[in-house]
Amino acid sequence: MSHTRVRFAPSPTGPLHMGGVRTALYNYLFAKKTGGKFLLRIEDTDQKRYVDGAEEYIMEALKWCGILWDEGPDTGGGYGPYRQSERKDLYHQYALQLIKSGHAYYAFDTPEELDAMRKQLEAEKGSNPQYDSSSRMQMRNSLTLSDDEGNHLLGSQEHYVIRIRMPEDEEVLVNDLIRGEVRVNSNLLDDKVLFKSDGMPTYHLANVVDDYLMKITHVIRGEEWLPSAPLHVMLYRFLGWETATPRFAHLPLLLKPDGNGKLSKRDGDRLGFPVFPLQWKDPNTAEISSGYREAGYFPEAFVNMLALLGWNPGTDQEVFSMEELIHEFSLERVGKSGSKFDPEKAKWFNHQYLQSKSIGEISQQVAAQLEKNGIQADSTKIESVAALMRQRANFIDELCEQSMFFFKAPETYDPTFAKKRWKEETPGILNEVSGLLKELNPFDAQTIDAALHHYMEESGHGAGKIMPGLRLALVGSGTGPDVKDIMAIIGKEETISRIEKAVLIVSH
RNA sequence: GGCCCGUUCGUCUAGGGGUUAGGACGCAAGGUUUUCAUCCUUGUAACAGGGGUUCGAAUCCCCUACGGGCUACCA
């Protein structure tokens, strides 16, 4: 059995959509699972739509996700170049080959003529105007023109395209790994342009030629390509590569969380979640689109979430490392129907990873985030805070936000909580507690806890009389972890000082 | 309009003739005897509709409805 070779072939027309990332991921998983190669090929045959920085963005995004290619524009490989614009000279000969074998022809129709044809056909037939076997003989092409005329036009620098000559009434079979056999009659297929007047191939020709030359064994791509798959099958046949036709797998689409339709950038803006892996700034409009990386997602969580959107292992397991995904993945377990993206579940995945990462790694990121907010602290303290606070958060920045009081004494006190829990006797109690805390040594959570309980017994005050006041003094609000843990982390001096300050301020 | 693909809790999904239709997210209630979270427990909720096939259909077939994709000298 020959080695599997799959490719991800994005077009550098902008940032990579998360649906595109998922396509890349499934290709990658399939390649690694089967011990094959994963290649990255840039499909930049449309120079009009080329966007500066898009190619770099795609590569950076894939790398961030840990989706690494074995062959690609930067890494090279035995089948390069991996940018279609650099393969430009390759394609013409195959178009020519098709013309010679009678499977393609030159067409000279101008855009205006094509437009007129469509309008006329629409009027005549009521619908479905196509450049196909039924209409091609009414157009200006090498089939209808005399050889002399045709040659003259070709020689006179007149713009022309090369179209496939779709045969009449033939059944075209696409064998799809996900959907089974899809049959289409060739009468429904039109004479698609294969070679454009600008000297570039269209996607259809280029992807078939490159897949063949790059020895691609499996084409795993989005469902939007299913309608043109029969055309690609025909191309393999006409080029004489029928036995080398790759297996196809058309992936279901990623849908918007509400309503219908595929997930778009608009939905992200509207519902407040990123649809791109990385932040992107449009070089033309300067418009900024948010990314998962900048939103605080771990790449592992992002990838994990994406993997489960359309694929499942058939077990209850939901958290997967990349290694596990590679081990478990199979195209057979990819679903057929589109998946609505659920931003809430995405957060849940990040929460899972925030819990399972090492304290060291979490602390490092917390420290970096704190520094951005102008806070420096020693790593031991940050580690304690991270360990105590991470289970309450989904993201690093959320963790930091909720942990600010560890590093800065409260300047205001939540009035609602104060009104409810700060009683007349509270200052007195807090003064007693603070006096007691002064004597504690060591000042750790266990000792503090014991002292607090001892005080409760002695004084007869219940926890409800003591704790809320302490919390307000330490945090400034009614939220947070156990007060004894807070005290232990901020230390004796700071604890005493915050209590004294609160006693002074909260009671007015 | 035409062609193609699809349809199980609100969402992601398991299920491949016989199940109390399972899990997860979300939501709700209770618990962890200070809060807010986390966490644990419980609950909530689905086979689009109609015909077949069969002793028996979520599972197989057909039709309808609905949804989506494609229908460029874009990918």
Side-chain angles (χ1 to χ4, degrees), chain A residues 9-13 43-46 48-49 84 107 109-111 114 118 122 125-131 159-163 174 176 178-180 182-185 187-190 192-204 206-207 221-230 250 252-253 255 257-262 305 308-319 333 335-349 351 355 389-393 402 414 417 420-421 452 462-472 475 477-483:
Chain A
S11 185
T13 53
E43 308 234 326
D44 55 351
T45 53
D46 186 355
K48 289 189 293 292
R49 294 212 307 160
Q84 290 185 328
D109 317 272
T110 63
L114 289 172
R118 287 192 194 100
E122 208 161 342
K125 294 167 49 175
S127 67
N128 213 28
Q130 280 197 146
Y131 205 122
H159 279 194
Y160 67 88
V161 301
I162 297 175
R163 285 179 182 273
V174 179
D176 190 279
I178 293 172
R179 283 151 221 287
V182 179
R183 292 165 201 281
V184 181
N185 189 291
N187 285 349
L188 272 356
L189 272 18
D190 62 345
K192 277 271 180 313
V193 170
L194 302 177
F195 201 83
K196 300 184 274 185
S197 60
D198 64 0
M200 281 290 217
T202 60
Y203 168 83
H204 304 295
N207 108 87
R221 83 238 284 199
E223 192 184 9
E224 68 269 27
W225 293 110
L226 193 50
S228 53
H250 289 95
L253 264 22
L255 275 21
D258 61 339
N260 309 306
K262 65 176 171 183
M305 176 273 293
L308 272 294
L309 227 44
W311 169 85
N312 78 83
T315 67
D316 285 348
Q317 186 178 350
E318 292 200 274
V319 177
R333 294 207 64 89
K336 292 177 170 65
S337 50
S339 313
K340 286 187 185 176
F341 169 67
D342 180 1
E344 288 306 315
K345 187 99 186 214
K347 287 180 194 164
W348 177 82
F349 273 110
H351 179 82
Q355 308 319 310
M389 297 296 285
R390 70 159 156 190
Q391 63 186 187
R392 328 167 65 85
Q402 292 172 14
D414 176 28
F417 187 75
K420 211 166 136 194
R421 302 292 205 146
L452 253 23
K465 283 240 190 304
I466 305 168
M467 301 301 189
L470 283 173
R471 173 176 304 286
L472 191 66
V475 181
S477 77
T479 65
D482 270 2
V483 292

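The basis for the numbers below is simple: all heavy atoms, side chains too, and nothing from hydrogens, waters or symmetry mates. Just so it is clear: chains get the letters A, B, ... in the order the sequence lines come, proteins before strands, and each one is counted from 1.
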In whole Å, what separates the [atom1] atom of [N] from that of [M]?
N      : M      : atom1 : answer
G68(B) : U8(B)  : P     : 15 Å
G23(B) : A45(B) : C1'   : 14 Å
U42(B) : A65(B) : C1'   : 38 Å
U20(B) : C4(B)  : P     : 40 Å
A21(B) : U59(B) : P     : 14 Å
C9(B)  : C25(B) : C1'   : 12 Å
G50(B) : U7(B)  : C1'   : 15 Å
G26(B) : U11(B) : C1'   : 8 Å

Could you list all N or O pairs between the protein and nucleotides 10-15 of chain B that sit under 3.5 Å apart?
{"unit_1": "C12(B)", "atom_1": "OP1", "unit_2": "Lys340(A)", "atom_2": "N", "d": "2.9"}
{"unit_1": "C12(B)", "atom_1": "O2'", "unit_2": "Leu308(A)", "atom_2": "O", "d": "3.2"}
{"unit_1": "U13(B)", "atom_1": "OP1", "unit_2": "Gly310(A)", "atom_2": "N", "d": "2.9"}
{"unit_1": "U13(B)", "atom_1": "OP1", "unit_2": "Ser339(A)", "atom_2": "OG", "d": "2.5"}
{"unit_1": "U13(B)", "atom_1": "O3'", "unit_2": "Asn312(A)", "atom_2": "ND2", "d": "2.9"}
{"unit_1": "A14(B)", "atom_1": "OP1", "unit_2": "Asn312(A)", "atom_2": "ND2", "d": "2.8"}
{"unit_1": "A14(B)", "atom_1": "O3'", "unit_2": "Arg333(A)", "atom_2": "NH2", "d": "3.3"}
{"unit_1": "G15(B)", "atom_1": "OP1", "unit_2": "Arg333(A)", "atom_2": "NH1", "d": "3.2"}
{"unit_1": "G15(B)", "atom_1": "OP1", "unit_2": "Arg333(A)", "atom_2": "NH2", "d": "3.2"}

[X] [atom1] to [N] [atom2], straight-line distance once rounded to whole Å:
X         : N      : atom1 : atom2 : result
Met467(A) : U32(B) : CE    : C1'   : 16 Å
Asn260(A) : A48(B) : CG    : P     : 16 Å
Lys262(A) : G6(B)  : NZ    : P     : 18 Å
Asp176(A) : G69(B) : CG    : C1'   : 14 Å
Leu226(A) : G67(B) : CG    : P     : 20 Å

Do any N or O atoms of the protein come closer than 3.5 Å to N or O atoms of nucleotides 71-75 of chain B, and which pairs are they?
{"unit_1": "C73(B)", "atom_1": "OP2", "unit_2": "Arg163(A)", "atom_2": "NH2", "d": "3.4"}
{"unit_1": "C73(B)", "atom_1": "O2", "unit_2": "Ser197(A)", "atom_2": "N", "d": "2.8"}
{"unit_1": "C73(B)", "atom_1": "O2", "unit_2": "Ser197(A)", "atom_2": "OG", "d": "2.6"}
{"unit_1": "C73(B)", "atom_1": "N3", "unit_2": "Ser197(A)", "atom_2": "OG", "d": "3.0"}
{"unit_1": "C73(B)", "atom_1": "N4", "unit_2": "Asp109(A)", "atom_2": "O", "d": "3.3"}
{"unit_1": "C74(B)", "atom_1": "OP2", "unit_2": "Lys196(A)", "atom_2": "NZ", "d": "3.2"}
{"unit_1": "C74(B)", "atom_1": "O2'", "unit_2": "Asp46(A)", "atom_2": "OD2", "d": "2.9"}
{"unit_1": "C74(B)", "atom_1": "O2'", "unit_2": "Arg49(A)", "atom_2": "NE", "d": "3.1"}
{"unit_1": "C74(B)", "atom_1": "O2'", "unit_2": "Arg49(A)", "atom_2": "NH2", "d": "3.2"}
{"unit_1": "C74(B)", "atom_1": "O2", "unit_2": "Arg49(A)", "atom_2": "NH1", "d": "3.4"}
{"unit_1": "C74(B)", "atom_1": "O2", "unit_2": "Arg49(A)", "atom_2": "NH2", "d": "3.2"}
{"unit_1": "A75(B)", "atom_1": "OP1", "unit_2": "Thr45(A)", "atom_2": "OG1", "d": "2.8"}
{"unit_1": "A75(B)", "atom_1": "OP1", "unit_2": "Lys196(A)", "atom_2": "NZ", "d": "2.9"}
{"unit_1": "A75(B)", "atom_1": "OP2", "unit_2": "Tyr203(A)", "atom_2": "N", "d": "3.1"}
{"unit_1": "A75(B)", "atom_1": "O3'", "unit_2": "Glu43(A)", "atom_2": "OE1", "d": "3.2"}

Quiz prompt | For Leu189(A), side chain to side chain contact (heavy atoms under 4.5 Å, CB included) partners two or more places apart | solution = Met166(A), Val172(A), Val184(A), Pro230(A)
When you compare the protein's N or O atoms with those of nucleotides 38-44 of chain B, which come within less than 3.5 Å of each other, and at what distance?
{"unit_1": "U38(B)", "atom_1": "O2'", "unit_2": "Gln391(A)", "atom_2": "O", "d": "3.3"}

Beyond-backbone contact of [X] with [Y], side-chain heavy atoms, under 4.5 angstrom:
X         : Y         : answer
Met305(A) : Lys345(A) : no
Asn312(A) : Arg333(A) : yes
Pro201(A) : Lys196(A) : no
Glu43(A)  : Pro10(A)  : no
Phe195(A) : Thr202(A) : no

Answer with base, sugar-phosphate or nothing: what part of the nucleic acid does [X] contact at a heavy-atom distance below 4.0 Å?
X         : result
Pro252(A) : nothing
Gly261(A) : sugar-phosphate
Asp482(A) : base
Arg421(A) : sugar-phosphate

Return the pairing partner of [N] with a 3.5 Å limit on both distances, Watson-Crick or G-U wobble; otherwise return none.
N      : value
C47(B) : none
U42(B) : A28(B)
A58(B) : none
G1(B)  : U71(B)
U20(B) : none

Exercise. Taking Asp190(A) for its side chain and Gln130(A) for its backbone only, find out whether a donor-acceptor pair lies under 3.5 Å.
Key: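 Checking the backbone N and O of Gln130(A) against the side chain of Asp190(A), no donor-acceptor pair under 3.5 Å is found.
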Exercise. Would you check if the side chain of Gln317(A) reaches a backbone N or O of Pro313(A) as a donor-acceptor pair within less than 3.5 Å?
Key: no
Quiz prompt | Closest contact, heavy atoms only, Ala229(A) versus His250(A) | solution = CB-CE1, 3.7 Å
Quiz item: Relative to each other, are the rings of Trp225(A) and Tyr203(A) parallel, tilted or perpendicular (30° and 60° limits)?
Solution: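 Judged by the thresholds at 30° and 60°, the geometry between Trp225(A) and Tyr203(A) is parallel.
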Exercise. Would you mind checking if Lys262(A) and Glu224(A) are paired as a salt bridge, meaning a charged N to carboxylate O distance below 4.0 Å?
Key: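 A salt bridge is absent here (no side-chain N lies under 4.0 Å from a carboxylate O).
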Quiz prompt | Interatomic spacing from CZ in Arg163(A) to CG in Asp109(A) - rounded to 0.5 Å | solution =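 Arg163(A) atom CZ to Asp109(A) atom CG measures 6.5 Å (nearest 0.5 Å).
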N/O-N/O pairs, protein side and nucleotides 61-65 of chain B side, under 3.5 Å:
none

Only pairs under 3.5 Å count here: list side-chain donor-acceptor contacts from residues 336-343 of chain A, not counting sequence neighbours, and write none if there are none.
{"unit_1": "Lys340(A)", "atom_1": "NZ", "unit_2": "Gly259(A)", "atom_2": "O", "d": "3.3"}
{"unit_1": "Asp342(A)", "atom_1": "OD1", "unit_2": "Glu344(A)", "atom_2": "N", "d": "3.0"}

